[in-house]
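So the structure is just underneath, and the comments pick up after that.
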Amino acid sequence: MEQDTDKKSLDFIRTIITEDITSNKNEGRVATRFPPEPNGYLHIGHAKSICLNFGVAEEFGGSCNLRFDDTNPTKEDTEFVESIMEDVKWLGFNWDGLYYASDYFQNLYEFAVQLIKNGKAYVDSLSSEEIRQYRGTLSEPGKESPFSNRSVEENLELFEKMKNGEFEEGAYVLRAKVDMASGNLNMRDPIMYRILKQHHHRTGDTWNIYPMYDFAHGQSDSIEKITHSLCTLEFEDHRPLYNWFVEQLGIYAPRQIEFARLNLTYTVLSKRKLMQLVRDNHVSGWDDPRMPTISGLRRRGYTAAAIRNFCEKIGVTKHDSVTEVALLEHSLRDDLNKTALRVMGVLNPLKIVITNYPEDSSEELDAINNPEDESAGKRKVPFSKELYIERDDFMEDPPKKFYRLSPGREVRFRYAYFITCNEVIKDEEGNVIELHCTYDPETKGGNSPDGRKVKATIHWVSAKHALKREVKLYDRLFTEPDPEHNKEGKDFIELLNPESLKVLDNCYLEPSLAEAKPGENYQFERIGYFTVDSMSYKNGEQVFNRTVTLRDAWAKVKGR
RNA sequence: UGGGCCGUCGUCUAAUGGUAGGACCCUGGCCUUUGACGCCAGUUGUAGAGGUUCGAAUCCUCUCGGCCCAGCCA
């Protein structure tokens, strides 16, 4: 037994926060925020950030805001803010404050005026092309704009007119006066405001100018008195600029700490690429069960607990990494194994006739709902003369390692009887279409009074009691682990897995599933975990999504 | 070759000057009314070279490799 309870190691961010609390920085206060732009749906990468920000707040007795960074009205939409709020809540987190960067547009405007008055910002008349040229390159310094020395009065007047909509988009821009020779391109007089005569999802047509993210983000954090601004690595270069703004403005200074974003094998996690998959109909939508979005994973049958546990397992560091999906799937199975109710369902049916079972008769057998959770109780499963089993559970001429049903062999039908295969019925083409078997009435429930053993236990459903349903099997969306950087240099769209979705329309499920609903997880024994699709119903009946397969040792043996 | 950041098993991560540990994956085996779960065992790692030190993944130097930045995107 581990005696020391304080042995568990903290990630580098929690270590810093612990030190800050110890030194009484911010009077020991901890405040974080999750700051998405509402221009797409949240994905598993965002879940990492959500778990970090909300998790840290919880652990240190702090607060965590949800703030929408909605500074670009051309890309943002209320559809996305709604889905984001739903996803955060579904993951199990409650924000303290709900804010929008657009709440601060007036403050930001005043900050800009303040910088102009202090000679730290100017209105530039250069075109975007000229600005790009003046910026210099990675190895050569930029040069100052010919407009960078306008008088404060002129800058104020021009900026006022920009605000009032007196200029066309692109005509002017407000820039911070920092250092055109800086090695950090973000410091080469970054643009603070651009003219955008666009309708904003929250402020409507109030504004003709909108702040750039770089001029909004740091100050928004400052306004909210965020103590630890956690963001991803690519913003490391922006930190000096945020600090510069905060210092020039003389406002509260949050501390930004950057961590590596999540990458996952066999998928893409960039909003732009996910957007493309949706827009070009490579998937059915943001919530397509193959998508790595929170809504897609949810529809697929993932649980919030599984995602949270996954985020805990992957940790938080500063090095770029690519996590194997296997770890995500492990977290999923780990949760589902403990919670999912067991049922029997046959995906590829093979008919069985129990020749010595009475005609027109049936009986109900006891089945355990979840061997991992006794409180889940038991249910009844009907048994009768005609049944279905999985085609894969029968082989006419089995290899040595195959120990399921085959001619002359006896196996156990789970919770039912020992069954022996006597006769194989085929069609004209030689396909096996039916099996004639006998059952041993003495083995009811699955145990033999004489103590004889069988090597295999297989699942089954009673033909006349079964629910016939459509089942969708999902596989990885891409054929390569890193679709964005493949050796042939192909576009990621070319790497889409043509077999990522298989629809099975001839599946037979045990009748207890009649009441199954979306959001409930079931284990089809020996096959995998399934849930009811929340969107598609076939003829008013449920469609089942396969969430993830069970681990399958036989598949490995067979594959050799 | 301007600036910033990063290199620990195949993958994700611990170890913060004192036995390189865990998880996933993989491989054996045990168990089993799910070829699941569980249990046991095993393979594999400090990018490299110097230096400091009784002792280096950790500190120093150099080398090599990787990622990010030249949007009026975030």
Side-chain angles (χ1 to χ4, degrees), chain A residues 8-9 11 15 35-37 39 69-72 74-76 124 126-128 131-133 135-142 169-175 181-188 190-196 209-210 212-214 216-217 231-240 258 260 262 265 271-272 313-331 333-334 337-338 342 344 367-368 371-372 401-404 412-416 418 445-447 454-459 481 523-528 549-558:
Chain A
K8 72 171 188 315
S9 63
D11 59 62
T15 302
E37 182 191 14
N39 68 341
D69 273 340
D70 53 353
T71 55
N72 185 352
T74 64
K75 293 187 174 174
E76 295 145 9
D124 200 348
L126 254 27
S127 68
S128 58
I131 287 179
R132 190 172 63 76
Q133 284 165 1
R135 187 150 36 219
T137 67
L138 293 179
S139 51
E140 300 159 24
E169 291 187 8
Y172 294 95
V173 94
L174 182 72
R175 294 231 253 166
S182 173
N184 181 347
L185 303 213
N186 296 117
M187 302 300 269
R188 320 244 263 229
I191 293 170
M192 296 160 59
Y193 268 94
R194 73 288 216 193
I195 299 170
L196 247 30
I209 53 173
Y210 290 91
M212 296 288 289
Y213 174 84
D214 277 355
H217 190 80
C231 67
T232 44
L233 255 24
E234 67 269 26
F235 293 104
E236 218 150 13
D237 284 345
H238 298 241
R239 175 157 38 87
E258 308 85 7
L262 173 70
T265 54
K271 270 199 247 180
R272 207 206 97 234
K313 277 185 212 294
I314 58 176
V316 182
T317 66
K318 286 192 75 125
H319 26 266
D320 295 304
S321 58
V322 185
T323 300
E324 293 177 341
V325 263
L327 188 57
L328 212 212
E329 292 178 344
H330 165 76
S331 304
R333 292 191 183 103
D334 196 38
N337 176 51
K338 287 178 278 193
R342 270 60 168 174
M344 292 195 284
I368 294 165
E372 308 282 327
K401 289 279 183 66
F402 182 90
Y403 48 80
R404 276 112 93 150
R412 171 166 41 233
F413 276 30
R414 177 146 236 226
Y415 299 127
F418 282 14
N447 289 303
V454 287
K455 193 87 169 102
T457 299
I458 67 175
H459 62 277
Q523 184 197 98
F524 291 9
E525 290 204 40
R526 306 207 307 129
I527 302 177
T549 62
L550 246 32
R551 289 182 76 233
D552 188 354
W554 166 241
K556 284 173 190 165
V557 173
K558 193 171 61 171

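Note on naming: letters A, B, ... go to the chains in the order of the sequence lines (proteins, then strands), and numbering restarts at 1 for each one. The basis for the numbers below is simple: all heavy atoms, side chains too, and nothing from hydrogens, waters or symmetry mates.
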When you check the phosphate oxygens OP1 and OP2 of [N], does a side-chain N or O of [X] lie under 4.0 Å from one of them?
X: Arg194(A); N: C73(B); value: yes
X: His459(A); N: U34(B); value: no
X: Thr323(A); N: U11(B); value: no
X: Ser321(A); N: U13(B); value: yes
X: Arg188(A); N: A70(B); value: no
X: Thr71(A); N: A74(B); value: yes
X: Arg551(A); N: C25(B); value: yes
X: Lys318(A); N: G7(B); value: no

Base, sugar-phosphate, or nothing: which does [X] touch, judged by heavy atoms less than 4.0 Å apart?
X: Arg404(A); result: base
X: Arg342(A); result: base
X: Met187(A); result: nothing
X: Ile314(A); result: sugar-phosphate
X: Val322(A); result: sugar-phosphate
X: Tyr172(A); result: nothing
X: Phe235(A); result: base
X: Ile131(A); result: base
X: Glu329(A); result: nothing
X: Glu236(A); result: sugar-phosphate

For [X] and [N], what is the distance between atoms [atom1] and [atom2] respectively, to the nearest whole Å?
X: Leu233(A); N: C68(B); atom1: CG; atom2: P; result: 10 Å
X: His217(A); N: A74(B); atom1: NE2; atom2: P; result: 12 Å
X: Arg526(A); N: C37(B); atom1: CZ; atom2: C1'; result: 15 Å

Looking only at heavy atoms, what is the nearest atom pair of [X] and [Y], with distance?
X: Leu185(A); Y: Thr137(A); value: CD2-O, 4.2 Å
X: Leu262(A); Y: Thr323(A); value: CD1-OG1, 3.8 Å
X: Asp69(A); Y: Tyr213(A); value: OD2-CE1, 3.4 Å
X: Tyr403(A); Y: Ala456(A); value: O-CB, 2.9 Å

Review point. Side chain of Thr457(A), backbone of Arg412(A): donor and acceptor closer than 3.5 Å?
Key: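 Such a contact is absent between Thr457(A) side chain and Arg412(A) backbone.
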Looking only at side-chain atoms of [X], point me to the closest of [options].
X: Trp554(A); options: G35(B), C24(B), A36(B); value: G35(B)
X: Ala553(A); options: C24(B), A36(B), A74(B); value: A36(B)
X: Leu185(A); options: G2(B), C24(B), C72(B); value: G2(B)
X: Glu37(A); options: G4(B), A74(B), C25(B); value: A74(B)
X: Thr317(A); options: C24(B), U13(B), C73(B); value: U13(B)
X: Asp320(A); options: G71(B), C12(B), C67(B); value: C67(B)
X: His330(A); options: G71(B), C24(B), C5(B); value: C24(B)
X: Arg135(A); options: C37(B), A70(B), A74(B); value: A70(B)
X: Asn184(A); options: G2(B), G3(B), C25(B); value: G3(B)
X: Glu372(A); options: C26(B), C12(B), A36(B); value: A36(B)

Review point. Between Glu258(A) and Arg239(A), does at least one N-O distance fall below 4.0 Å, as a salt bridge requires?
Key: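 Salt bridge: yes.
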Exercise for review: Using side-chain contact (heavy atoms from CB on, under 4.5 Å) as the criterion, point out the one residue from Leu174(A), Asp214(A), Ile131(A) that pairs with Ile191(A).
Suggested key: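 When side-chain contact (heavy atoms from CB on, under 4.5 Å) is applied between Ile191(A) and each of Leu174(A), Asp214(A), Ile131(A), only Ile131(A) qualifies.
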[atom1] atoms of [N] and [M], separation to the nearest Å:
N: C26(B); M: G10(B); atom1: P; value: 16 Å
N: C6(B); M: U13(B); atom1: P; value: 14 Å
N: C64(B); M: C72(B); atom1: P; value: 34 Å
N: A23(B); M: U44(B); atom1: C1'; value: 15 Å
N: U46(B); M: A14(B); atom1: C1'; value: 12 Å
N: A20(B); M: U43(B); atom1: P; value: 15 Å
N: C59(B); M: U52(B); atom1: C1'; value: 8 Å
N: G50(B); M: G42(B); atom1: P; value: 33 Å

Give none if [N] has no partner; otherwise give the nucleotide forming a Watson-Crick or G-U wobble pair with it, both distances under 3.5 Å.
N: G7(B); answer: C64(B)
N: U44(B); answer: none
N: G2(B); answer: C69(B)
N: A15(B); answer: none
N: C59(B); answer: G51(B)
N: C39(B); answer: G29(B)

Practice item. Would you check if Ile458(A) and Phe413(A) make a side-chain contact, meaning some heavy-atom pair closer than 4.5 Å? Key: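 A side-chain contact exists here, since the closest heavy-atom pair is under 4.5 Å.
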Check your understanding: Can you tell if the side chain of Arg342(A) reaches within under 4.5 Å of the side chain of Glu372(A), non-hydrogen atoms only?
Key ->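 Of all side-chain heavy-atom pairs linking Glu372(A) with Arg342(A), at least one is under 4.5 Å.
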**Study point:** Check: G3(B) base within 3.5 Å donor-acceptor of Asp237(A) side chain
**Key:**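 Result: at least one qualifying N/O pair found.
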Review point. What about Glu140(A), does its side chain sit under 3.5 Å from the base of G2(B) through a donor-acceptor pair?
Key: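 Donor-acceptor pair under 3.5 Å: no.
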Exercise for review: Can you label the angle between the Phe402(A) ring and the Trp554(A) ring as parallel, tilted or perpendicular, going by 30° and 60°?
Suggested key: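 Ring orientation, 0 to 90° scale: perpendicular.
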